Chemist: 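Before I ask anything, here is the structure I am working with.
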There are 2 protein chains.
Amino acid sequence: MTTIHEVAQYAQVSIATVSRYLNDTAGVRPETGRRVREAIAALDFQPNQIGRSLKTASTRALGIVIPSLENPVFAQAVSGFDAAARRRGYSVMMTTSEYDQHREIEAVETLLRYQVDGLALTATRSDAPVVRERLAANRAPYTLIYNEPTPDERAVVTVDNAAAAAVAAEHLVELGHRRLAMITGRLAESDRASRRRDGFVGAIARLGLPAPQVREVDFSARDVRPVLEQLLGTPATRPTALFCSNDRLAIAVIGAANRMGLRVPRDISVVGFDGIDLAREFVPSLTTVVQPSYDIGYAAAKAMLDRRAGQDPTMPVILPFSLRIGESTAPLGQDGPTTPRPVCPPQSNEAML
Amino acid sequence: MTTIHEVAQYAQVSIATVSRYLNDTAGVRPETGRRVREAIAALDFQPNQIGRSLKTASTRALGIVIPSLENPVFAQAVSGFDAAARRRGYSVMMTTSEYDQHREIEAVETLLRYQVDGLALTATRSDAPVVRERLAANRAPYTLIYNEPTPDERAVVTVDNAAAAAVAAEHLVELGHRRLAMITGRLAESDRASRRRDGFVGAIARLGLPAPQVREVDFSARDVRPVLEQLLGTPATRPTALFCSNDRLAIAVIGAANRMGLRVPRDISVVGFDGIDLAREFVPSLTTVVQPSYDIGYAAAKAMLDRRAGQDPTMPVILPFSLRIGESTAPLGQDGPTTPRPVCPPQSNEAML
DNA sequence: GCTTGTTATGTAAACGTTTTCAGATAATGA
DNA sequence: TCATTATCTGAAAACGTTTACATAACAAGC
């Protein structure tokens, strides 16, 4: 590893001059600059970011903790986060919490030890005290992504989950459905799932329809089948439309419904939440509430960097969602449009904070 | 930020003792230990990893550069990489190259400046000289993932792309197909796509069939439609089966075929490559060569950490692939099995180095 | 009680940078 | 030519750790 000292020696200048050349922080005489440049080239010198970070108290790195990379929603968010960071010359440290609270805390602590200049996190619940304490105690700015803002917690980038779920409900009701139900991941382990439930249930109440049944399933979605059988067991009272708290779940539900001999959307309509890309290509293509995951990641990084740059970005950032209508929803008893499949441009939606 | 100095002062010991307590590197008297422990708790001290890294010349962080996170294959690899790193107490710095060679070099340089203790990379081509130079010049071990090993370059974790593509060819031929074709991403920009092409073409030659047509398309897969129309234009000589160099392409191809009025697999069979999870849920579910992406990431991290631990892991690491048979392939003229869809367990395959 | 050995602790240097401060050099005006 | 100023450069301290080395404390052996 060649250091600034060797460069200085080679160029017959002091390390201070080399440093100044590197950061062009003060006038370095052209001739001196040339010597330094040559030395750097000759020795193939790359400044050591660790030494730099120690002195400047800035690592020029941001951290991000997400539940899992296997979910395209989070992968996209990381993608946007990385892009925003890179654009400003920052790098990214990333890790996953595997939907585990304990692991989540550990991850945050690890990244803070690395002195990241900002930390984005999808917490299981935004009101989880331990994590918030850790984050608040730190000098680095942080942002919760996908989580629900609360009066105490405004450092959030997300969509209005309740309003978005309401739009899903309205879509189904417009299609003529009256008996609705929701299948969701564990509510206790996800504040966003809870909000989606609230929004869905609330919208249905406002429309004067009977309260929907809500069923929780595991994240693994292994237990979708029995839940579905139980839910759809009695044809007389069977819901005709299902809202799923995320796209993976929706896809699993459609698969299970198929295997149960039900056809989507003829027998039952299904709406997802997330808007993952590949869900477009399914047969039936998935009707889903699209959240701008890339933008969520991007905005989170940007907000923290702005904050560090002395600005005071308005928080929380609530990004627009949209309802992408696919083939998985239709008026009861009708099949959706079939081949050739219509291209459904995302339909932007104004209903946001 | 509380430092080791403040802890030392609070506990009435020297910073050396605090350090020794933290790393339990030498006997600290129980009574002294207690005082230090109390000080740490009282001051909420977390050791600064930057200071640590500078002194120990080890960041306990690994870097990984992949083309894109939007492709589930790479997201899974990162997931495995992170898991392996975490297991050994390492953290991960990640960035994407967006399939751009220039950006790739830049990314590598950035991560090396951060003094990562190891660097995994999916290079556009494993023989790209610039990147290899940069990596080789560095003290940190590196591993190429997904790339093709060459005589010069053994630090690789991947699957045997040629053999895997051959298995795809054999599957199609077994089903009775005789006129085959391949649709691939730009060969010049991906050594693995090239190898898959070679394996596919080679297998077909060995089986005594006419050479398949090979068509390149962009990564965006926007131009799939015209390519497909041109390829399938003349019914008389139209291929009856297509091999796609990756799953995203295969999904796009199936979509385009549908829109052209062709049915998969009745009119044409399609095989993908990657084994992304969601491809299972498509209708038709995708027949694809499954590569163990999580394991690839995991093995890459493990190899580098082993190497740092003084071991000499055997390289290259060639992991097993398997052919997952779905509904997108069938004997010519037949529809695949329909609802209820069969569950196809990954069928392990011995054909590997 | 004195040496010897063992164990626990402290002092100070080092890791690779940036940056303050002061000194040296060059440029300018008389 | 000399003083004065503006520009450039160097010495040294600092960032938060770890660690070699030295020293202090203490027990054991005589």
Side-chain angles (χ1 to χ4, degrees), chain A residues 1-37 39-40 43-61 89 91 110 112-117 138-140, chain B residues 1-37 39-40 43-61 89 91 110 112-117 138-140:
Chain A
M1 263 286 307
T2 98
T3 76
I4 204 177
H5 286 95
E6 307 170 46
V7 173
Q9 185 169 16
Y10 189 102
Q12 303 275 44
V13 298
S14 76
I15 59 167
T17 298
V18 178
S19 175
R20 279 188 286 251
Y21 171 82
L22 288 170
N23 306 304
D24 61 321
T25 171
V28 170
R29 203 142 45 101
E31 156 63 14
T32 315
R34 193 185 52 71
R35 288 221 310 282
V36 173
R37 186 164 38 254
I40 288 175
L43 301 175
D44 196 23
F45 168 75
Q46 291 280 101
N48 181 322
Q49 178 62 36
I50 300 299
R52 209 169 244 191
S53 298
L54 185 58
K55 179 62 193 176
T56 61
S58 159
T59 50
R60 298 189 75 75
S91 295
T110 302
L112 291 181
R113 263 202 296 275
Y114 276 97
Q115 311 293 118
V116 288
D117 289 344
N138 203 272
R139 62 171 175 76
Chain B
M1 262 284 309
T2 100
T3 76
I4 204 175
H5 287 95
E6 307 170 47
V7 174
Q9 184 168 17
Y10 189 101
Q12 303 275 46
V13 298
S14 75
I15 59 166
T17 298
V18 179
S19 175
R20 280 188 284 253
Y21 171 82
L22 289 170
N23 307 302
D24 61 322
T25 172
V28 171
R29 205 143 43 102
E31 156 62 14
T32 315
R34 193 185 51 71
R35 287 221 311 281
V36 173
R37 186 162 40 251
I40 289 175
L43 302 175
D44 197 24
F45 167 75
Q46 290 279 101
N48 180 321
Q49 179 62 37
I50 300 299
R52 210 169 242 192
S53 298
L54 185 57
K55 180 60 194 177
T56 61
S58 159
T59 50
R60 297 189 75 75
S91 295
T110 302
L112 291 182
R113 264 202 294 276
Y114 275 97
Q115 311 295 117
V116 288
D117 288 345
N138 203 271
R139 63 174 176 74

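Please read all numbers here as calculations on a predicted model, not as lab measurements. Naming convention: chains lettered A, B, ... in sequence-line order (proteins, then strands); numbering from 1 in each chain.
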Chemist: Contact boundaries of DNA chain D with chain A (under 4.0 Å, heavy atoms), 5' to 3'?
Modeler: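 That gives a stretch of D/dC8 to D/dG16.
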Chemist: How would you list, by chain and number, every residue that makes a side chain to side chain contact (heavy atoms under 4.5 Å, CB included) with B/N23, sequence neighbours excluded?
Modeler: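 B/S19, B/T25, B/R52.
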Chemist: Holding to side chain to side chain contact (heavy atoms under 4.5 Å, CB included), I want the full list of residues that pass it with B/F45, two or more places apart in sequence or in another chain.
Modeler: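 For B/F45, the residues satisfying side chain to side chain contact (heavy atoms under 4.5 Å, CB included) (neighbours in sequence not counted) are B/T2, B/I4, B/V7, B/L22, B/I40, B/P47.
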Chemist: Using heavy-atom distances to pick each residue's nearest nucleotide on DNA chain C, tell me which of B/P30 and A/Q46 is more 5'.
Modeler: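 The answer here is B/P30.
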Chemist: With a 4.5 Å limit on heavy-atom distance, are the side chains of A/N48 and B/R113 in contact?
Modeler: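 No, their side chains stay 4.5 Å or more apart.
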Chemist: With sequence neighbours excluded, what pairs up with B/Y21 under the side chain to side chain donor-acceptor pair (under 3.5 Å) test?
Modeler: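 Partners of B/Y21 under the side chain to side chain donor-acceptor pair (under 3.5 Å) test: B/R37.
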Chemist: For residues 22-33 of chain B, which residue pairs pass the salt bridge (Lys or Arg N to Asp or Glu O under 4.0 Å) check, not counting sequence neighbours?
Modeler: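 Of all non-adjacent pairs touching residues 22-33 of chain B, those that pass salt bridge (Lys or Arg N to Asp or Glu O under 4.0 Å) are B/E31-B/R34, B/E31-B/R35.
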Chemist: Minimum heavy-atom separation for A/Y114 and B/S91, please, with both atom names.
Modeler: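 Minimum heavy-atom separation between A/Y114 and B/S91: CE1-OG, 3.2 Å.
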Chemist: Checking all strands, does A/Y21 fall into the base, sugar-phosphate, or nothing category for heavy-atom contacts under 4.0 angstrom?
Modeler: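 Answer is nothing: A/Y21 stays at 4.0 Å or more from every strand.
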Chemist: Which pairs, protein N/O on one side and nucleotides 18-24 of chain C N/O on the other, fall under 3.5 Å?
Modeler:
unit_1	atom_1	unit_2	atom_2	d
C/dT18	OP1	A/N23	OD1	3.4
C/dT18	OP1	A/N23	ND2	3.1
C/dT18	OP1	A/R52	NE	2.8
C/dT18	OP1	A/R52	NH2	3.3
C/dT18	OP2	A/S19	OG	2.5

Chemist: Starting from C1' on C/dA14, measure out to CD1 on A/I50 and report it in whole angstrom.
Modeler: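 Taking CD1 of A/I50 and C1' of C/dA14, I get 16 Å after rounding.
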Chemist: For a quick test of reading the model, state the closest non-hydrogen atom pair linking A/M1 to A/E6 and the distance between them.
Modeler: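 Scanning both residues completely, I find the closest heavy atoms to be O-OE2, 3.4 Å.
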Chemist: Can you give me the bend angle of the helix from C/dG1-D/dC30 to C/dA30-D/dT1? Use the axis through the first five pairs and the one through the last five, nearest 10 degrees.
Modeler: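 Taking the rotation axis at each end, their angle is 50°.
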Chemist: What residues, two or more places apart in sequence or in another chain, satisfy side chain to side chain contact (heavy atoms under 4.5 Å, CB included) together with B/T56?
Modeler: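 Testing B/T56 for side chain to side chain contact (heavy atoms under 4.5 Å, CB included), a comparison that skips the adjacent residues, returns B/S58.
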Chemist: Residues two or more places apart in sequence or in another chain: which of them pass side chain to side chain donor-acceptor pair (under 3.5 Å) with A/Q49?
Modeler: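 Counting only residues at least two positions away or on another chain, A/Q49 forms a side chain to side chain donor-acceptor pair (under 3.5 Å) with A/S53.
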Chemist: Out of curiosity, B/L54 CG to A/I50 CD1, how far, rounded to the nearest 0.5 Å?
Modeler: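 Going from the CG atom of B/L54 to the CD1 atom of A/I50 covers 7.5 Å.
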